[in-house]
There are 2 protein chains.
Amino acid sequence: MGENVNPHAHFASICELHLPDHLMPETANLADLCRKHGRRLTGQRRIIADVVSAAHDHPDVIEIHRRAAAIDPGIALSTVYRTLRMFADIGLIETHTFEGGRARVEQATGEHHDHLIDITTGKVIEFRSDAIERLQTEIARRLGYRLTGHRLELYAEPIPGRASPVRRKAR
Amino acid sequence: MGENVNPHAHFASICELHLPDHLMPETANLADLCRKHGRRLTGQRRIIADVVSAAHDHPDVIEIHRRAAAIDPGIALSTVYRTLRMFADIGLIETHTFEGGRARVEQATGEHHDHLIDITTGKVIEFRSDAIERLQTEIARRLGYRLTGHRLELYAEPIPGRASPVRRKAR
DNA sequence: TCGCTTCTGCAAATCATTTGCAATAAGGAT
DNA sequence: ATCCTTATTGCAAATGATTTGCAGAAGCGA
């Protein structure tokens with residue numbers, strides 16, 4: 001899949017953006033999925049799962065611990081680390097380490113996307129460009145390689161007086 | 001520059017690759033540049049500069065220390081860290097942290113490029129795609145942002161029986 | 001050569017993350 | 001509801017990469 005693209009095709013549009021997943025319908029919840037993978041559903045895991053599901057801001061581990069501790073003050077940071085790693089291992093979440101920061105977490109959606117990081121606020125915006133995806137595969141092929149993964153992060157600042165299209169409220 | 005591209009232009013080619021810089025003529029040496037920036041040229045700095053200039057394999061800090069220590073066994077790891085940071089601060093080198101590894105170093109060439117990492121060997125191949133550069137700027141713009149930086153890394157494995165074009169020896 | 005700084009080596013400190021271990025708690029079986 | 005086995009937790013210590021405080025060493029302009 002995606003292997004036999006025609007590198008000389010004329011792309012109808014340069015990029016196709018999609019909505020961030022907090023605007024998309026929720027799928028199964030993390031806690032249930034955790035159980036389905038044969039793991040015990042402990043109180044801590046339930047809380048961490050809830051925190052991650054409720055978060056739409058790509059929080060880092062410390063922040064997830066902070067939010068979890070607000071519900072159960074006894075929860076240990078190492079439990080958060082262990083639980084998040086376990087969620088990642090069974091594919092329920094993804095972690096991304098942006099430039100010089102801690103790992104940040106998002107619930108897996110199954111749909112691949114890349115990230116734009118607002119350097120003024122740290123806010124993360126998800127996007128997807130099939131054109132870029134194709135170019136990456138093609139570049140690897142030209143260099144004699146088969147693409148197995150990639151990392152694309154855009155660091156940017158807001159254009160003054162120009163609200164982000166995906167955030168703009170109708171009025 | 002690069003600001004007013006036409007996103008609907010038909011690109012003559014999908015990507016333009018360039019040769020890795022070890023195939024390009026050397027520019028001024030790091031040691032001299034260090035002095036020109038008002039820093040003292042110590043024996044350790046000269047050695048580290050030589051090691052970095054001679055390296056064309058994106059070594060990490062430990063490896064640079066290893067190579068430097070082969071010349072002067074007394075050189076401290078912290079000196080390597082401090083010197084590399086100083087070189088980076090004045091723009092003589094660039095460091096990149098690829099997935100889950102230590103920071104790797106390359107001499108700055110002034111020409112922007114991205115990286116393909118051979119996941120079987122860790123080898124790094126530099127490439128540049130103006131098409132991707134343009135798309136990135138355009139995507140950021142559509143999201144209401146002005147691109148200030150980016151990170152693009154391709155992780156890939158060699159296609160068997162297919163030598164990398166830029167490495168293929170004439171015969 | 002002198003003297004003023006900048007540097008270096010060493011060890012200790014940070015920062016993010018992982019891990020050993022004894023105590024605790026899931027959850028299937030009774 | 002109670003037991004029992006085994007996974008999981010909290011805590012503290014360990015790790016790995018990188019940074020930093022400090023006293024002694026070494027550039028380099030005078």
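Quick note on labels: first sequence line is chain A, next is B, and so on, each numbered from 1. Being a predicted model, the structure only gives us computed values, none of them experimental.
Here the P atom of nucleotide D/dT18 and the NE2 atom of B/H65 are 14 Å apart, to the nearest Å. Computed from coordinates, the B/I90 CD1 to C/dT6 P distance equals 16 Å when rounded to whole Å. Rounding to whole angstrom units, CG of residue A/L84 and P of D/dT8 are separated by 15 Å. As a whole-Å value, the separation of B/I48 CD1 from C/dC7 P is 13 Å. Per the geometry, CG belonging to B/D89 stands 14 Å off C1' belonging to D/dT18, to the nearest Å.
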Salt bridge (Lys or Arg N to Asp or Glu O under 4.0 Å) between B/R45 and B/D32: does it pass, once the steps are laid out?
CA-CA 11 Å; B/R45 288 181 179 174; B/D32 289 349; over 6 Å; no

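Inspection of the A/H150 and A/D114 side chains reveals an N or O donor paired with an N or O acceptor under 3.5 Å. For A/H56 and A/Q107, the side-chain atoms include no donor-acceptor pair closer than 3.5 Å. Defined by atom type and a distance below 3.5 Å, a donor-acceptor pair is missing between the side-chain atoms of A/E153 and A/H96. A/E106 and A/H113 are linked by a side-chain donor-acceptor pair at a separation below 3.5 angstrom, with hydrogens and angles left out of the test.
In this structure, A/R46 reaches neither bases nor backbone, as no heavy-atom distance under 4.0 Å exists between it and the strands shown.
Closest heavy-atom contact between A/I48 and A/A68: CG1-CB, 4.5 Å. The heavy-atom pair separating B/F98 from B/V124 by the smallest distance is CE1-CG2, 3.6 Å.
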Strictly under 4.0 angstrom, non-hydrogen atoms only: write out the protein contact profile of nucleotides 1-6 of chain D, one letter per nucleotide from the 5' end, B, S or -.
-----B

Going 5' to 3' along nucleotides 8-17 of chain C, which nucleotides have protein heavy atoms under 4.0 Å from the base (write B), which only from the sugar-phosphate (write S), and which from neither (write -)?
BBB-----SB

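B/R35 pairs by the salt bridge (charged side-chain N to carboxylate O under 4.0 Å, His left out) definition with nothing, not counting sequence neighbours.
Contact annotation: A/R35 side-chain N/O to D/dA7 OP1/OP2 distance is not under 4.0 Å.
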